[in-house]
Student: 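I'd like to ask you about the structure that follows.
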Amino acid sequence: MAAKTTDKTTDKKDNKKNLITDINALSPELLELITKQVSAQIISNLPKEEKKVENKGNRRKSLSMDFDLEELIPVKSIFHGTVECKTRAGKPKIWKECGTVQYMAIGDVINMNATDSIYLFTPRLIVEDNEVAEYLGTTEINQIAEKISDIDKFLKLDIEEINDILDRLPIGLKHSIYGELARRIENKEIDSLRIVRLVSKKVGIDYER
């Protein structure tokens, strides 16, 4: 029995030597490739830690769609000019000036947004219903846009806050607000030199007289 044990031990040593010899015979490139493949296999077999990652693209789909599509909700214009869209039935909805509120069926609001994102994401209109705004994904942009919906209140903010809000506005809304501020400066309706200089810098036009 002792002889058999010795033979097995010898065979294992010989096999190990042969394996080492075979590995040494491999080219460095091939050895590196095999090492990477083995490492990848080991890593793939390790227990994976579950991580909850919010998929913003699918976030709206996870929200409740249990809306009454015919329920009327307020939609306010924050655009300095006329905004017009059509309902699902083809009837026109018109906001003649900034601050105008029209009541729309939820289904019409969703359809309007699907037709052209310029209405709610430029934005020109604000959906004044928190649940619908959350479903549409406009909550954050509404909060920013709401701060400039009343120009007179906006101009009473600290100059630093005015600057911060202007920088965060979507490009389409920037054009609208800059145009309104420029009009007021031209008509001498804004007497704050700091605001005039700020707008001049943003727009690239010297409004100082």
Student: With a 4.0 Å cut-off on N to O distance, would you call Arg88 and Glu70 a salt bridge?
Tutor: yes
Student: Using side chain to side chain contact (heavy atoms under 4.5 Å, CB included) as the criterion, point out the one residue from Leu72, Ile106, Ile73 that pairs with Asp129.
Tutor: Ile73
Student: Is there a chain of hydrophobic side chains (I, L, V, M, F, W, Y, each step under 4.5 Å between heavy atoms) that links Leu166 to Ile159?
Tutor: yes
Student: For salt bridge (Lys or Arg N to Asp or Glu O under 4.0 Å), just list the numbers for Glu180 and Arg183, CA-CA rounded to whole Å, side-chain angles, deciding distance to a tenth of an Å, and then say yes or no.
Tutor: CA-CA 5 Å; Glu180 175 62 17; Arg183 184 192 68 77; 2.8 Å; yes
Student: Is there a path of hydrophobic side-chain contacts, each under 4.5 Å between heavy atoms, that joins Ile141 and Ile165?
Tutor: no
Student: Kindly indicate, with the supporting measurements, whether the criterion side chain to side chain contact (heavy atoms under 4.5 Å, CB included) is fulfilled by Glu146 and Glu128.
Tutor: CA-CA 10 Å; Glu146 188 68 49; Glu128 295 191 311; 4.3 Å; yes
Student: Rounded to the nearest 0.5 Å, how far apart are CD of Glu189 and CG of Leu155?
Tutor: 10.0 Å
Student: Can you see which heavy atom on Ala145 is nearest to which on Pro123, and at what distance?
Tutor: CB-CG, 4.0 Å
Student: Any side-chain to backbone donor/acceptor pair from Thr138 onto Asn142? Under 3.5 Å, distance only.
Tutor: no
Student: List the steps, then state whether salt bridge (Lys or Arg N to Asp or Glu O under 4.0 Å) holds for Glu140 with Arg168.
Tutor: CA-CA 11 Å; Glu140 185 175 352; Arg168 293 166 60 197; 5.4 Å; no
Student: Please assess Val75 against Val101 for the test side chain to side chain contact (heavy atoms under 4.5 Å, CB included), listing each intermediate value before the final yes or no.
Tutor: CA-CA 6 Å; Val75 179; Val101 175; over 6 Å; no
Student: Keeping Tyr135 on the side-chain end and Asn130 on the backbone end, is there a donor-acceptor pair under 3.5 Å?
Tutor: no
Student: If you take all heavy atoms of Phe67 and Glu131, which pair is closest and at what distance?
Tutor: CZ-O, 3.9 Å
Student: Could you walk me through whether Leu125 and Ile78 pass the side chain to side chain contact (heavy atoms under 4.5 Å, CB included) check?
Tutor: CA-CA 6 Å; Leu125 302 171; Ile78 57 169; over 6 Å; no
Student: Using the side chain to side chain contact (heavy atoms under 4.5 Å, CB included) rule, take Ile151 and Ile177 through it: C-alpha gap first, then chi angles, then the decisive distance, then the call.
Tutor: CA-CA 9 Å; Ile151 292 291; Ile177 192 67; 2.8 Å; yes
Student: Quick one: does Asp150's side chain have a donor or acceptor within less than 3.5 Å of a partner on Lys153's backbone?
Tutor: yes
Student: With rounding to the nearest 0.5 angstrom, report the CZ to CG distance, Arg194 to Asn163.
Tutor: 10.0 Å
Student: Using only atom types and a distance under 3.5 Å, with no angle test, would you say the side chain of Asp116 pairs donor to acceptor with the backbone of Ile118?
Tutor: yes
Student: What distance separates Thr139 OG1 from Ile144 CD1, expressed to the nearest 0.5 Å?
Tutor: 11.5 Å
Student: Any non-hydrogen side-chain atom of Pro92 less than 4.5 Å from a side-chain atom of Cys85?
Tutor: no
Student: Using modelled atom types only, decide if a donor and an acceptor are shared between the side chain of Trp95 and the backbone of Phe79 within a distance under 3.5 Å.
Tutor: no
Student: Quick one about Glu97 and Thr100 (side-chain donor to acceptor, distance below 3.5 Å, no hydrogens or angles considered), yes or no?
Tutor: no
Student: Does this structure show an ion pair linking Asp152 with Arg184, if we count only N-O contacts that are shorter than 4.0 Å?
Tutor: yes
Student: Nearest 0.5 Å please: distance from the CD1 atom of Ile94 over to the NZ atom of Lys86.
Tutor: 10.5 Å
Student: Between Val83 and Lys93, is there a side-chain heavy-atom distance shorter than 4.5 Å?
Tutor: no
Student: Taking atom OG of Ser192 and atom NZ of Lys156, what is their separation to the nearest 0.5 Å?
Tutor: 13.0 Å
Student: Taking Thr122 for its side chain and Arg124 for its backbone only, find out whether a donor-acceptor pair lies under 3.5 Å.
Tutor: no
Student: What distance separates Leu181 CG from Ile148 CD1, expressed to the nearest 0.5 Å?
Tutor: 9.0 Å
Student: Hydrophobic clustering (ILVMFWY, side-chain heavy atoms < 4.5 Å, transitive) - are Leu136 and Leu69 grouped together?
Tutor: yes
